[in-house]
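Comments concern the structure below.
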Amino acid sequence: MAEQRKIIIDTDPGQDDAAAIMLAFGSHEELEVLGITTVAGNVPLSLTSRNARIICELCERTDVKVFAGADRPIARALVTAEHVHGKTGLDGPTLPEPTMPLQTQHAVDFIIETLRREPDGAVTLCTLGPLTNIALAFQKAPDIIPRIRELVMMGGGFFEGGNITPAAEFNIYVDPEAADIVVRSGVPVVMMPLDVTHQLLTRKDRVKRMADIGTAPARAMVEMLEFFERFDIEKYGSDGGPLHDPTTVAYLLKPELFKGRNCNVEIEVKSELTVGMTVVDWWHVTDRKRNATVMRHVDADGFFDLLVERFARI
Ligand code: BDR
Ligand code: CA
């Protein structure tokens with residue numbers, strides 16, 4: 001068996017966050033989840049911390065520790081997305097309240113301690129929400145930055161525009177200062193923007209393949225997706241909702257599913273109109289540092305094949 005890749009999942013569950021975590025759990029031969037860190041985003045921190053533990057229990061992975069992190073962005077008031085994810089953030093299935101404990105250590109300290117303990121270049125950060133915890137860890141312990149193998153984030157949008165304002169994608173919009181710190185830090189970034197995730201619609205035939213798996217986690221996932229996609233179907237008449245966050249884990253498992261370009265990305269933090277915009281120098285019209293691999297295309301059928309295959313292994 002090839003060596004497992006060590007990852008920390010930083011998340012604000014969210015039904016699509018749950019799908020990403022489940023994809024990682026279904027891929028334990030390739031991925032070792034060192035811990036799950038939660039952040040305020042889709043819903044407040046108390047709920048994202050609850051939801052992360054619900055997912056662990058649903059998948060019988062109570063061995064994975066969950067650490068609560070920042071309850072608000074670095075410099076702004078929290079903006080949440082109950083209009084998409086429902087009151088709990090994980091609306092859809094009826095699942096029991098979690099009984100596994102939340103760790104007492106702060107997520108930021110867990111991230112720092114883990115990166116200092118594990119071998120240099122061994123740990124990948126997989127971020128599914130606002131980048132507050134990561135930026136706070138970088139500020140508190142800059143020595144961890146060169147130790148990170150890669151940071152794979154769901155965030156941003158360029159050709160597609162934004163989904164919370166015309167210019168900004170939700171994760172970046174909620175904490176643009178944090179995103180700015182991360183993209184300037186020198187850490188190797190792989191960015192999964194809306195340009196990719198909007199190609200991954202939870203069409204009926206795809207959801208049916210998940211339902212056919214028949215296990216409790218797969219059934220719960222189907223109910224989550226049926227709730228989650230309602231927003232896009234009602235608002236845009238689209239063929240299902242876009243499955244954002246699992247792109248990060250899918251990239252770790254099958255990078256060949258994605259195509260993108262290494263380019264400069266900067267975050268707008270000042271303009272009222274475009275705050276949170278990810279300004280991507282796709283055409284290399286500046287000589288600014290190429291600090292991120294920005295994905296633009298995805299093999300959607302290959303992505304859903306992977307999801308179904310791995311969900312069936314949980
Ligand atoms: C991102 O925002 C959240 O609502 C989703 O979980 C995803 O991380 C998409 O813009
Ligand atoms: Ca998320």
Side-chain angles (χ1 to χ4, degrees), residues 7-24 36-45 47-52 54-55 66 69-70 73 78-92 107 125-134 151-176 178-179 182 190-202 221 224-225 227-232 235-236 238 240-251 267 275-278 294-295 298:
I7 65 169
I8 295 174
I9 300 178
D10 189 74
T11 177
D12 63 335
Q15 294 89 349
D16 62 321
D17 301 70
I21 294 168
M22 282 175 55
L23 180 58
I36 294 178
T37 53
T38 58
V39 66
N42 285 324
V43 284
L45 183 70
L47 283 172
T48 60
S49 304
R50 161 194 181 265
N51 295 347
I54 287 180
I55 300 155
V66 178
L78 177 64
V79 175
T80 53
E82 285 87 355
H83 60 293
V84 181
H85 300 272
K87 202 162 47 52
T88 67
L90 212 56
D91 280 17
L125 301 179
C126 207
T127 70
L128 318 178
L131 289 155
T132 320
N133 287 338
I134 311 299
L151 184 149
V152 187
M153 70 159 81
M154 191 282 133
F158 190 60
F159 297 95
E160 280 286 292
N163 63 353
I164 185 78
T165 73
E169 180 279 327
F170 179 78
N171 289 341
I172 307 294
Y173 178 79
V174 171
D175 200 341
V182 170
V190 176
M191 186 171 133
M192 292 293 175
L194 298 176
D195 307 289
V196 164
T197 66
H198 281 181
Q199 297 171 46
L200 300 171
L201 298 184
T202 53
M221 177 48 57
M224 283 186 220
L225 294 180
F227 181 90
F228 179 62
E229 65 190 16
R230 225 177 287 171
F231 173 78
D232 286 83
K235 188 153 185 194
Y236 308 114
S238 58
L243 210 41
H244 307 283
D245 292 337
T247 52
T248 56
V249 179
Y251 171 77
I267 311 292
V275 68
M277 182 175 180
T278 42
V294 179
M295 296 304 178
V298 57

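Counting starts at 1 for both ligands and their atoms, following the listed order. Worth saying up front: this structure is predicted, and the values here are computed from it rather than measured. Sequential numbering from 1 along the given sequence is applied to the chain's residues.
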Could a heavy atom of N42 be found less than 4.0 Å from some atom of ligand 1?
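It does; at least one heavy atom falls under 4.0 Å.
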Sub-4.0 Å heavy-atom approach of H85 to ligand 1:
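Yes, H85 has a heavy atom closer than 4.0 Å to ligand 1.
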Heavy-atom contacts under 4.0 Å between D17 and ligand 1: side chain, backbone, both, or neither?
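For D17, only side-chain atoms sit under 4.0 Å from ligand 1.
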Side chain, backbone, both or neither: which part of N163 comes within less than 4.0 Å of ligand 1 when only heavy atoms are counted?
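Contact part for N163 vs ligand 1: side chain (C-beta onward).
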How would you list, by chain and number, every residue that makes a side-chain hydrogen bond (donor to acceptor under 3.5 Å, both in side chains) with D12, sequence neighbours excluded?
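Counting only residues at least two positions away or on another chain, D12 forms a side-chain hydrogen bond (donor to acceptor under 3.5 Å, both in side chains) with N42.
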Run the side-chain hydrogen bond (donor to acceptor under 3.5 Å, both in side chains) test against T132 and tell me which residues pass, sequence neighbours left out.
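Scan of T132 (side-chain hydrogen bond (donor to acceptor under 3.5 Å, both in side chains), adjacent residues dropped) gives D175.
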Subset of ligand 1 atoms that lie under 4.0 Å from at least one heavy atom of F170:
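Heavy-atom distances to F170 below 4.0 Å select 2 (O), 3 (C), 4 (O), 10 (O).
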Output the list of atoms in ligand 1 that are nearer than 4.0 Å to some heavy atom of M154, sorted by atom number.
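Counting from 1, the qualifying ligand atoms are 1 (C), 7 (C), 8 (O), 9 (C).
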Do any N or O atoms from the side chain of [X] and from the backbone of [Y] form a donor-acceptor pair under 3.5 angstrom?
X    : Y    : result
D245 : A20  : no
D195 : F159 : yes
N163 : F170 : yes
D10  : I134 : no

Sequence-distant partners of H244, ring-ring contact (aromatic ring centres under 6.0 Å, His included), two or more places apart
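By the ring-ring contact (aromatic ring centres under 6.0 Å, His included) rule, H244 matches no residue at all.
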Any idea which protein heavy atom is nearest atom 6 (O) of ligand 1, and the distance to it?
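Of every protein heavy atom, D16 OD1, 2.6 Å lies nearest to atom 6 (O) of ligand 1.
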Counting non-hydrogen protein atoms only, what is the nearest one to atom 8 (O) of ligand 1? Give residue, atom name and distance.
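Going atom by atom, the protein heavy atom closest to atom 8 (O) of ligand 1 ends up being D245 OD1, 2.7 Å.
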Taking the side chain as C-beta and beyond, is there a heavy-atom pair between P193 and T278 under 4.5 Å?
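No; the side chains remain at least 4.5 Å from each other.
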Using a distance-only test with no angle check, is there a side-chain donor-acceptor pair under 3.5 angstrom linking T247 and T197?
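No - no donor-acceptor pair under 3.5 Å links their side chains.
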Side chains of D91 and T88: any donor to acceptor distance under 3.5 Å?
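Short answer, yes.
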What's the count of protein N, O or S atoms under 3.0 Å from the Ca ion (ligand 2)?
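There are 5 of them.
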Closest by any non-hydrogen atom to atom 9 (C) of ligand 1: pick that one out of E169, H198, M192.
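Selected option, by shortest heavy-atom distance: E169.
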Compute the shortest N/O to N/O distance between L128 and ligand 1 and return yes if it is under 3.5 Å, no if not.
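Looking only at distances, the answer is yes, because the N/O contact criterion of under 3.5 Å is met.
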Take atom OH in Y173; do more than 12 heavy atoms of anything else shown fall under 6.0 Å from it?
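Counting neighbours around OH of Y173, 12 or fewer heavy atoms of other residues, nucleotides or ligands fall under 6.0 Å, so no.
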